[in-house]
Amino acid sequence: MIDADRNRLISSYDLWLFSEGSHLRPYEILGAHPCNIDNRQGTRFAVWAPNALAIWVIGDFNEWDSNADALAKDEASGVWFGFVPGACRGQRYQFRVRQQQGQDVIKADPYAFCTELRPGQASIIEGLQRLGKPASASVPFLSAKGPHDGAVSIYEVHLGSWRKKSLWRWLSYEELAIELVNYVADMGFTHIELLPVMEHPYDPSWGYQSLGIYAPTARYGSPAQFAKFVEAAHDRGLGVILDWTPSHFPNDTYGLVQFDGTALYEHLDPREGFHPDWRTLIFNLGRREVANYLLGNALFWIEQYGVDGLRVDAVASMLYRDYSRAEGAWIPNRWGGRENLESIDFLKQLNRRLHQHAPRAIRIAEESTAFPSVTTQHHDVDHDEGLGFDWKWNMGWMHDVLRYFSRDCLFRAHHQHDLTFGIMYAYSERFVLALSHDEVVHGKASLLVKMPGDLWQRFANLRCLYALMWSYPGKKLLFMGSEWGSPKEWHHDESLPWHLLAQDSHLGLQKFVRSLNRLYRDCPSLHQSDHDPKGFRWISHDDHASSVLAFLRINASGEQSRMPQMHGDPMLVICNLTPTPRIRYRIGTPLHVDWKILLNSDELDFGGSGFGIQERRPGFAGGAYFRHQAIAWQGQSQSIEVDLPPLSVLYLVPAGHDARGLA
């Protein structure tokens, strides 16, 4: 250890900002940073532990001698620091912390940029370098007219189980950069969302119980290789979103728990600091240094690796002090209420900082309650109860539609409100429609198995569900394997059963989702006005007996489509949600135009029945028109007659007419 002037290692100003909780990038001063001091190459170490009696850094560079390299303490900030000559990138290290009670414990570095693969517990000297390149403005999802108006179709992935090379070997970041990235781009999704890639000790936590939040997990490779994965996604026009968990952390002894012998990162009282659902510890966000640790981490992934957004996990558990707690098992806030004021302030700070310093990054909340204004505009964050996220998952829509589609078709006539109620609040927030990993685990069955009927009906129902989802207001998210109907409930330790794509039914569903993504991106009416009530109009929602729905999606902004046959026009969506074909079913329209089919979920190529194709009924298939008639119907001035295939959704567009100026 070299005794160096503290200000040559860490400036007093940096330490003051950290203690105040306002350091934008605390990872630049804490952790392990290779550097040169007095013409000697080594590593500067710094760790926050205000109540420790002494701290040593031990590692490969000093043969793990527990007394070789003691750190010095800055009393004002509680940060311990020092420079170790000869300590270099790639070497392992840990901190030996003498706690208040006098015992020594071995701790990993909370700010480590690289870690050992579990069950190893050591941190690895990596240093800070700008590894990743941000997506350029030419990437389609960044070129949208506005931050919320573009097409956003997210493919949610757990890297370890998407595909394996064998029963035991995961794909590496380098392999995923080719296989996963090319697959997602070919399928037409706009973003990849990764279940947490931050280092975590326990595989079945799926990454949601992270200990090394500044380190990409070593399961799949090095930090540099993860950066290359992000860059490869950008090269294919894909954005990368990371799941991020600032709500809780595991109590492994080498981690954050009782770091300096006191409740440092966690709350002292278990009524505030212990999470009963996950048996983890809750971050004390009222402590400035802890909030700074997490706020800096959010910016770290965006700036250092070029990721394009964060989905904040378990926001509901952060907002309420009584979340999953019985009466008397929680402590009210200072006003006697149940709201967690410290967490609310933290989330506002998070969105304010990212909006200012990473304005292109998107922020999504997994929030399942009726907390007001989760997606309030950023300039309002300081002035009302809003949190400032870009989007939140629409959990109510997800529960309703899965309940509906899980019902036997015979009984759907009595439950059409499950599909129609959601529009009542669809514009209260900016929503993502998510069919995520949470819906296909823990005995819930895969999406395919949730569907009723025989095998053909299950696939037909799933195509209907996806066609409705892709045409409904809100951005889209689908968990891996669901795009081709994996029948297996997801398991983190098993590869998806890709061999099933040799079967026409699975392959047809995959083709269907690919077609949905293409149309969704190419048709402004399907995405441009997701958060504008003018972008949706019911045509028919009350034919319960037939289980038929019809509505218009409208491009209220007027942006022109890239598809010449659309001319920026509306799209008419018709859903027949029983196995009974509806012959010459009359649908009202507000336009004096003919219509043609753009997408039919019942096409043979998608695994459908091909109903009506053999008969070549006038106006049904082969590109023929549905002629409009001056017959008022369903409150509209015009109407058309359509043959509706069994368990199908049709997308219709004006045929050869410019229908702008919708009445």
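Atom CZ of Phe512 is separated from atom CG of Asn600 by 8.5 Å, given to the nearest 0.5 angstrom. Annotation: the span from Arg582 atom CZ to Leu644 atom CG amounts to 8.0 Å, rounded to 0.5 Å.
Between Leu419 and Val401, the closest side-chain pair of non-hydrogen atoms falls below 4.5 Å. Side-chain contact between Trp397 and Tyr472 is present, with heavy atoms from C-beta onward closer than 4.5 Å.
Judged by distance alone, the side chains of Ser648 and Asn576 never bring a donor and an acceptor atom under 3.5 Å apart. Using modelled atom types, one finds no donor on one side chain facing an acceptor on the other under 3.5 Å when comparing Ser161 with Glu494. When only modelled atom types and interatomic distance are considered, Gln634 and Arg586 share no side-chain donor-acceptor pair under 3.5 Å. His541 and Gln416 share no side-chain donor-acceptor pair at under 3.5 Å. At a cut-off of 3.5 Å, with distance as the only test, a side-chain donor of Glu367 or Thr369 sits close to an acceptor on the other residue. The closest side-chain donor-acceptor pair between Asp532 and Tyr427, if any, does not fall under 3.5 angstrom. Side chain to side chain, Trp206 and Asp243 fail the donor-acceptor criterion of an N or O pair below 3.5 Å. Using modelled atom types, one finds a donor on one side chain and an acceptor on the other under 3.5 Å when comparing Tyr585 with Asp543.
Across all their heavy atoms, Ala445 and Glu489 have their closest contact at N-OE1, 2.9 Å. Considering all non-hydrogen atoms of both residues, Ser547 and Ala413 come closest at OG-N, 3.7 Å. In terms of heavy-atom proximity, Asp602 sits nearest to Pro645 at OD2-CB, 3.3 Å. For the pair Ile587 and Ala550, the tightest heavy-atom approach, listed with the atom from each and the gap, is CD1-CB, 4.0 Å. Of all non-hydrogen atoms in Arg463 and Leu509, the two that sit nearest each other are CG-CD1, 3.6 Å. The two atoms that bring Trp538 and Leu549 nearest to each other are CZ3-CD2, 4.0 Å, heavy atoms only.
Judged purely by atom type and a 3.5 angstrom limit, Ser373 has no side-chain atom pairing as donor or acceptor with the backbone of Thr376. At distances below 3.5 Å, not a single donor-acceptor pair connects side-chain atoms of Ser525 with backbone N or O atoms of Pro570. In this structure a side-chain-to-backbone donor-acceptor pair under 3.5 Å is present from Asn461 to Gln457. With hydrogens and angles disregarded, a donor-acceptor distance shorter than 3.5 Å links the side chain of Ser406 to the backbone of Leu402. Judged by distance alone, with hydrogens and angles left aside, the side-chain atoms of Glu429 form a donor-acceptor pair with the main-chain N or O of Thr375 at under 3.5 Å. Between the side chain of Glu483 and the backbone N or O of Gly481 there is at least one donor-acceptor pair closer than 3.5 Å. Panel note: side chain Lys476, backbone Met469; a donor-acceptor pair is recorded below 3.5 Å. Lys444 contributes a side-chain N or O that, together with a main-chain N or O of Asp438, makes up a donor-acceptor pair within less than 3.5 Å. At least one donor-acceptor pair under 3.5 Å links the side chain of Thr190 to the backbone N or O of Ser153. Put simply, the side chain of His415 never gets that close to the backbone of Tyr404: no donor and acceptor are under 3.5 Å apart.
Taking a cutoff of 4.0 Å between a charged side-chain nitrogen and a carboxylate oxygen, Asp594 and Lys596 do not qualify as a salt bridge. A salt bridge is absent between Lys392 and Glu366; no separation between the charged side-chain nitrogens and carboxylate oxygens falls under 4.0 Å. Ion pair Asp530/Arg553 flagged as a salt bridge, since at least one NZ, NE, NH1 or NH2 atom sits closer than 4.0 Å to an Asp/Glu carboxylate oxygen. A salt bridge links Asp605 with Lys511; the closest basic N to acidic carboxylate O contact falls under 4.0 Å. A salt bridge does not link Arg584 to Asp643: none of the charged nitrogens lies less than 4.0 Å from a carboxylate oxygen. A salt bridge does not link Glu339 with Arg321: none of the charged nitrogens is closer than 4.0 Å to a carboxylate oxygen.
Summarising the local packing, CG of Asp277 is surrounded by more than 12 heavy atoms from other residues, nucleotides or ligands at distances under 6.0 Å. Crowding of Phe421 atom CZ: a count of heavy atoms from other residues, nucleotides or ligands under 6.0 Å not exceeding 12. Lys534 NZ: 12 or fewer foreign heavy atoms inside a 6.0 Å radius.
The aromatic rings of Trp391 and His531 are tilted relative to each other, their planes meeting at an angle between 30° and 60°. Classified by interplanar angle (parallel below 30°, tilted 30° to 60°, perpendicular above 60°), the ring pair His527/Tyr520 is perpendicular.
Every residue two or more places apart in sequence or in another chain was checked for a ring pair (Phe, Tyr, Trp, His ring centres under 6.0 Å) with Tyr651, and none qualifies.
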- Message: Set out, in order, the CA-CA distance, both residues' side-chain angles and the distance that settles salt bridge (charged side-chain N to carboxylate O under 4.0 Å, His left out) for Arg403 and Asp400, then state yes or no.
- Response: CA-CA 5 Å; Arg403 182 170 59 240; Asp400 287 350; 2.7 Å; yes
- For Phe536 and Phe551, run ring-ring contact (aromatic ring centres under 6.0 Å, His included): C-alpha distance rounded to whole Å, both residues' side-chain angles, the deciding distance at 0.1 Å, then the answer. CA-CA 7 Å; Phe536 181 93; Phe551 55 86; 5.0 Å; yes
- Query: Yes or no on salt bridge (charged side-chain N to carboxylate O under 4.0 Å, His left out) for Arg360 and Asp308, after CA distance, side-chain angles and deciding distance?
  - Reply: CA-CA 7 Å; Arg360 287 185 180 273; Asp308 306 286; over 6 Å; no
- Task: Tell me, with the steps shown, if Trp162 and Trp498 meet ring-ring contact (aromatic ring centres under 6.0 Å, His included).
- Result: CA-CA 9 Å; Trp162 179 72; Trp498 289 97; 5.2 Å; yes
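None of Glu156, Glu193, His492 except one satisfies the side chain to side chain donor-acceptor pair (under 3.5 Å) rule with His437; the exception is Glu156.
Remark: Arg338 is positioned above the aromatic ring of Tyr320, its terminal NZ or CZ atom under 6.0 angstrom from the ring centre and at most 45 degrees off the axis. Cation-pi contact between Arg311 and Trp393: present, with separation from the ring centre below 6.0 Å and deviation from the ring axis of at most 45°.
Ring centers of Phe459 and His506: under 6.0 Å apart, within the cut-off.
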